[in-house]
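Notes for the one structure printed next.
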Amino acid sequence: MGIKRPSRLAVLAGPVFCVSALLVGASGTVTEATADAAATSSTITIATQADINNFDPSTEQLNVFESIKPLLFSNVVKFGPSLNIEPDLASSWTVSPNATVFTFTVRSGATFQNGDPVTAAAVAGSLQHSEHATSVFAPDLLRVKTWQVIGTNTLKVTLKAPYAAFLSALADISIEAPGTYTTARSKPVGSGPYEFVSWTPNKQLVLKAWSGYWGPKPATQNLIFEPIPDPQVALADLDAGSVQAIVSVPATDVHAVNKSRASVVVARSSDQLALFEFHSVGVLANVKVKQALAYALNKPAVQAIAYGGQGQIVWNPIPPSSWAYSNITGYPYNLAKAKALLAAAGESNLTLTVIVPAGYPEGTQTADVWQQELRQIGVKLNVDVEQISVWLDQYVKENYQITWNVFDVKGDPDSFYSIIMDAHLASDYHNPTMLSEQAQALATSNEKARAAIYNKMDNTVVDQLPVLPIQTEPIYSVVKKGLQGWTLNPLGWPTLATVSAG
């Protein structure tokens with residue numbers, strides 16, 4: 001799928017919520033094994049809230065792919081359980097003091113699933129492929145000045161300018177086998193622990209353990225993914241035994257979990273940020289109008305209705321778990337202030353539309369709460385729930401006034417600004433100062449100095465509202481008792497290569 005601007009990324013995560021009475025604990029891991037085994041030791045079937053669009057890791061934008069991608073592919077480096085950077089295809093690396101030269105040692109003995117060896121040249125070729133214009137990773141990779149392959153196993157990457165977030169960017173980019181780029185959309189070939197078997201769109205994806213994987217062997221022979229958008233159907237299937245795990249279940253449906261047969265897994269923390277994005281043109285170019293809309297958003301009601309009282313209400317975009325987080329006060333629910341700001345802006349009888357992707361009930365519920373509150377101050381908010389492919393097209397083309405979204409702040413705090421804000425800065429929201437501050441933050445590896453700069457940027461976001469953060473999304477999965485090794489990181493991605501039926 002062509003992308004109008006590679007810097008714009010659809011960043012939907014799954015709806016993952018909590019009912020505290022069902023929590024396994026704070027470890028984020030299910031360890032209990034019972035006689036009621038979740039499946040045979042050879043196959044586990046997993047329900048996802050949606051299907052993917054394709055298997056090309058350089059273009060697929062839906063976050064449902066994030067749990068599948070590391071099964072098929074390896075990266076240069078990868079995110080650890082707390083989003084720390086860990087070795088993957090690179091067994092070690094060095095970084096120059098000014099964060100411009102990154103030298104990687106590619107591990108010996110690794111091969112792709114078609115039998116080709118993983119070499120420094122193959123890694124460089126795949127990264128250069130992802131640099132092309134339609135890749136969602138192009139903005140990060142276009143920072144590279146030179147790719148230098150030294151022998152079989154050394155890759156030296158020199159950047160055009162300092163970029164402190166480069167390792168975090170590489171942790172999100174999968175390495176594809178040479179010669180498979182044009183067929184990756186339907187037949188992926190990587191070097192991960194599982195290999196592709198078959199895919200019937202909107203029905204079933206089948207993967208099997210790859211015997212040639214260079215790392216720890218997978219715990220289960222076959223993984224089957226079935227898109228089941230209706231959480232009640234997914235829970236019924238889990239209770240009946242046709243699926244053994246559900247990646248996410250809305251809070252409104254968790255009461256249906258059969259606690260004698262299933263458990264809820266909780267992540268230690270959440271880096272999933274629910275937000276509204278404004279297309280700041282026309283009436284929405286007026287900051288007073290957006291501030292009025294912010295005062296009319298009843299976040300405590302949203303938290304109670306859409307998230308079962310869980311998650312953390314926030315105003316700034318960098319989540320509380322980040323080393324760059326700062327607690328900023330925003331716009332507490334106040335309809336009187338909202339109405340006064342609209343009057344000061346000279347606006348009355350406004351009609352606006354927010355688009356929400358289907359399959360994300362928390363987004364629809366959030367928009368519904370906002371709609372009811374805005375009605376009281378004379379603003380009509382149309383809530384347009386769209387099929388995800390339609391929503392994605394509207395989002396990428398910026399054909400919306402307001403959209404609900406949920407974004408994973410991936411490890412480095414720059415991920416929010418480079419993915420969400422850069423697109424707005426290049427289009428509807430013009431702020432040269434923020435661009436300058438972003439460059440400063442990326443030019444130093446000192447976290448304290450970087451955090452101070454991101455604090456300034458966060459304050460600007462809260463003041464001018466190019467986007468309106470809502471809250472962090474609590475992250476939970478539901479699994480059949482007896483299933484072992486299911487863990488969740490702060491982005492809600494289960495580590496499926498370690499899952500077994502017990």
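Just the heavy atoms: all of them, side chains too, but no hydrogens, waters or symmetry mates, feed the values below.
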Exercise. With under 30° as parallel and over 60° as perpendicular, where do the rings of Tyr181 and His129 fit, or are they tilted in between?
Worked result: parallel

Exercise. Judged by atom type as modelled, is there a donor-acceptor pair below 3.5 Å linking the side chain of Thr111 to the main-chain atoms of Pro117?
Worked result: no

Exercise. Considering residues at least two apart in sequence or located in another chain, which fulfil the ring-ring contact (aromatic ring centres under 6.0 Å, His included) criterion with Trp493?
Worked result: none

Problem set entry | Short side-chain to backbone donor-acceptor contact, Asp51 and Pro201, under 3.5 Å | no

Exercise. Just by distance, do the side chain of Lys217 and the backbone of Ser211 share a donor-acceptor pair under 3.5 Å?
Worked result: yes

For this session: Indicate yes or no for a side-chain donor-acceptor contact from Lys69 to the backbone of Asp172 under 3.5 Å, with no hydrogens or angles considered.
Result: yes

For this session: Examine Trp391 together with Tyr400 and report whether their ring centres are nearer than 6.0 Å.
Result: no

Problem set entry | Option passing side-chain hydrogen bond (donor to acceptor under 3.5 Å, both in side chains) with His424 (candidates Glu277, His279, His430, Glu398) | Glu277

Exercise. Is a side-chain N or O of Thr146 found less than 3.5 angstrom from the main chain of Gln148, in a donor-acceptor match?
Worked result: no

Exercise. Between the side chain of Asp56 and the main-chain N/O of Ser58, is any donor-acceptor distance below 3.5 Å?
Worked result: yes

Exercise. Can you list every pair that meets ring pair (Phe, Tyr, Trp, His ring centres under 6.0 Å) and has a residue in residues 142-170, with sequence neighbours left out?
Worked result: Phe102-Phe166

Problem set entry | Partner residues of Ala177 under the side chain to side chain contact (heavy atoms under 4.5 Å, CB included) criterion, sequence neighbours left out | Phe112, Asn114, Thr180, Val189

Exercise. Trp210 vs Tyr213 aromatic rings, parallel, tilted or perpendicular, using cut-offs 30° and 60°?
Worked result: tilted

Exercise. Between Gln113 (side chain) and Phe196 (backbone), is there a donor-acceptor pair under 3.5 Å?
Worked result: no

Exercise. Any idea which heavy atoms bring Gln401 and Leu284 closest together, and the distance?
Worked result: O-CD1, 3.4 Å

